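Here's the structure, in structure tokens; my notes come after.
Only this structure's heavy atoms are used, side chains among them; waters, hydrogens and symmetry mates stay out. Because the structure is a prediction, the values reported are computed rather than measured. In what follows, chains carry the letters A, B, and so on, assigned in the order in which the sequence lines appear, proteins first and then strands, with residues in each chain numbered from 1.
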Number of protein chains: 2
Amino acid sequence: MTDTSTKHDVFQAIADPTRRELLCMLAENEMPVTVISSHFPMSRTAVSKHLRILLEAGLVTEKKVGRETRYRLQPEGLKELKHWLAYYERFWDNKLAALKSFVESDKN
Amino acid sequence: MTDTSTKHDVFQAIADPTRRELLCMLAENEMPVTVISSHFPMSRTAVSKHLRILLEAGLVTEKKVGRETRYRLQPEGLKELKHWLAYYERFWDNKLAALKSFVESDKN
DNA sequence: TAAATGCGAAACCTAAAAGTTTCACATTTA
DNA sequence: TAAATGTGAAACTTTTAGGTTTCGCATTTA
């Protein structure tokens, strides 16, 4: 396991709306920084910092290609969040079904 | 529906580790502020502020009983988070995407 | 009724987060 | 080789988050 995944925690990483937009944008395609930042009303450097936080939280991957740095979603990073949430699911809806999903989430 | 539920968003509310502890503590039992804050290494006022943020995010409820204010978990507030997360689950359930990220993670 | 209890509001402080501009450094491309 | 491109590091500013102390106000209780 990379130690980048522990520098920033997932909860803090997804707290920022810009970073959530980034995740959405990187879900389907891998993209270089300049292209990514052209979609946001802030400097490229600011976007780059957000990407670093997502990287350290294990939510995106970074790949150097020539002079570009391409980012893409790393969905596995969200499993910690899913597990955290699973604990609380048993407090709503059908308690039995919720417990079931909690147990099942252990496999992931 | 109370408009307090939209003042603070859920993502920001759960970003703080103290607030996540609060949710856990209030999951099973309803508790007054003084009792809650006795479990934390900070002032009652600080805990009270965290509780307010959780309240505004729709994650806890508040109930006045005499001179006490009792809080308890409102698990439905986490449904928004579950919904957000559900979108990304398909990216790790998708076998092709999963294989790709598996190969990439081998380098690290 | 007087004292104690439970709590939030207000004012304040400090550290961290989020943004900017500038600069240096590879990598391409003309 | 010279110019253009893509990027991160550094230094800085401003805003926000998280904490404190003090105070006042209900509500209980002695």
Side-chain angles (χ1 to χ4, degrees), chain A residues 2-26 29-72, chain B residues 2-26 29-73 108:
Chain A
T2 56
D3 66 345
T4 52
S5 59
T6 53
K7 276 182 162 181
H8 269 92
D9 74 70
V10 175
F11 295 96
Q12 190 266 338
I14 65 166
D16 186 276
T18 298
R19 288 195 289 268
R20 290 199 299 277
E21 265 195 78
L22 282 168
L23 289 181
C24 189
M25 184 176 301
L26 297 171
N29 311 309
E30 131 182 320
M31 299 169 71
V33 177
T34 301
V35 174
I36 297 169
S37 73
S38 69
H39 294 74
F40 292 87
M42 66 183 72
S43 71
R44 174 187 52 77
T45 308
V47 171
S48 190
K49 284 185 186 179
H50 281 303
L51 288 168
R52 180 143 307 278
I53 289 170
L54 290 173
L55 182 69
E56 290 173 352
L59 296 179
V60 300
T61 57
E62 189 185 66
K63 184 170 81 175
K64 296 271 185 185
V65 178
R67 64 187 164 187
E68 290 182 343
T69 307
R70 297 184 187 162
Y71 289 89
R72 91 172 323 155
Chain B
T2 57
D3 65 344
T4 53
S5 58
T6 52
K7 276 181 162 182
H8 269 94
D9 73 69
V10 174
F11 295 96
Q12 190 265 340
I14 65 167
D16 185 276
T18 298
R19 288 195 288 268
R20 292 198 299 277
E21 266 195 76
L22 282 169
L23 290 181
C24 190
M25 183 177 301
L26 297 172
N29 311 308
E30 132 182 318
M31 298 169 70
V33 177
T34 301
V35 173
I36 297 169
S37 74
S38 68
H39 294 73
F40 292 87
M42 66 184 70
S43 70
R44 173 185 53 77
T45 307
V47 172
S48 190
K49 282 187 187 179
H50 282 302
L51 287 168
R52 179 144 305 280
I53 289 169
L54 290 173
L55 181 70
E56 288 172 353
L59 296 179
V60 299
T61 58
E62 190 184 64
K63 183 170 81 175
K64 296 272 186 184
V65 178
R67 62 188 166 188
E68 289 183 345
T69 307
R70 297 184 188 160
Y71 288 89
R72 88 175 328 156
L73 178 70
N108 304 329

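Going from atom CZ of A:R44 over to atom NZ of A:K49 covers 11.5 Å, rounded to the nearest 0.5 Å. A distance of 11.5 Å separates CG in B:L54 from CD in B:E62, rounded to the nearest 0.5 Å.
Nearest approach of B:A15 to A:Q12, heavy atoms of both residues: CB-CA, 4.3 Å. Between B:L59 and B:L73, the shortest heavy-atom distance links the atoms O-CD1, 3.5 Å.
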Could you go through nucleotides 24-27 of chain D and list every protein N or O atom that sits under 3.5 Å from one of its N or O atoms, giving the distance for each pair?
residue: D:dT27; atom: O3'; partner: B:R67; partner atom: N; Å: 3.4
residue: D:dT27; atom: O2; partner: B:R67; partner atom: NH1; Å: 3.3

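Contact footprint of chain B on DNA chain C: nucleotides with an atom under 4.0 Å from a non-hydrogen protein atom, first to last in 5' to 3' order, C:dA4 to C:dA11.
For the side chain to side chain contact (heavy atoms under 4.5 Å, CB included) with B:Y71, the lone residue among B:N29, B:L26, B:L22 that qualifies is B:L26. Just one residue in the list B:I53, B:L51, B:V47, B:I14 forms a side chain to side chain contact (heavy atoms under 4.5 Å, CB included) with B:R19, and that residue is B:I53.
At a threshold of 4.0 angstrom between heavy atoms, the contacts of A:S43 include nucleobase atoms, whether or not backbone atoms are also involved. Within 4.0 Å (heavy atoms only), B:R19 reaches sugar-phosphate atoms of the nucleic acid but no base atom.
Proximity of B:H50 to the phosphate of D:dA17: no side-chain N or O atom is located under 4.0 Å from OP1 or OP2. The side chain of A:Y71 places an N or O atom within less than 4.0 Å of a non-bridging phosphate oxygen (OP1 or OP2) of D:dG8.
In this structure, B:P32 and B:T45 both approach DNA chain C, and ranking their closest nucleotides by distance from the 5' end singles out B:P32. Across the interface with DNA chain C, nearest-nucleotide mapping of B:S48 and A:M42 shows B:S48 to be the residue nearer the 5′ end.
Checking D:dG19, D:dG8, D:dG18 against the side-chain heavy atoms of B:D16 singles out D:dG18 as nearest. Distance from the side chain of B:Q12 is smallest to D:dA17 among D:dG8, D:dA17, D:dG19.
For the pair A:I36 CD1 and D:dG6 P, the computed distance is 13 Å after rounding to whole Å. Atom-to-atom, CG of A:L51 to P of D:dG6 comes out at 16 Å; the value is rounded to the nearest Å. Whole-Å rounding puts the A:K49 NZ to D:dG6 C1' distance at 18 Å. Between B:I53 atom CD1 and D:dT16 atom C1' there is a gap of 11 Å when expressed in whole angstrom units. Nucleotide D:dG8 holds its P atom 13 Å from the CG atom of A:L54, rounded to whole Å.
Remark: side-chain polar atoms of A:R72 are not paired, donor with acceptor, to backbone N or O of A:M31 under 3.5 angstrom. B:R70 places no side-chain N or O within donor-acceptor distance of the main-chain N or O of B:E30, the cut-off being under 3.5 Å.
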Kindly indicate, with the supporting measurements, whether the criterion side chain to side chain contact (heavy atoms under 4.5 Å, CB included) is fulfilled by B:H50 and B:F40. CA-CA 12 Å; B:H50 282 302; B:F40 292 87; over 6 Å; no
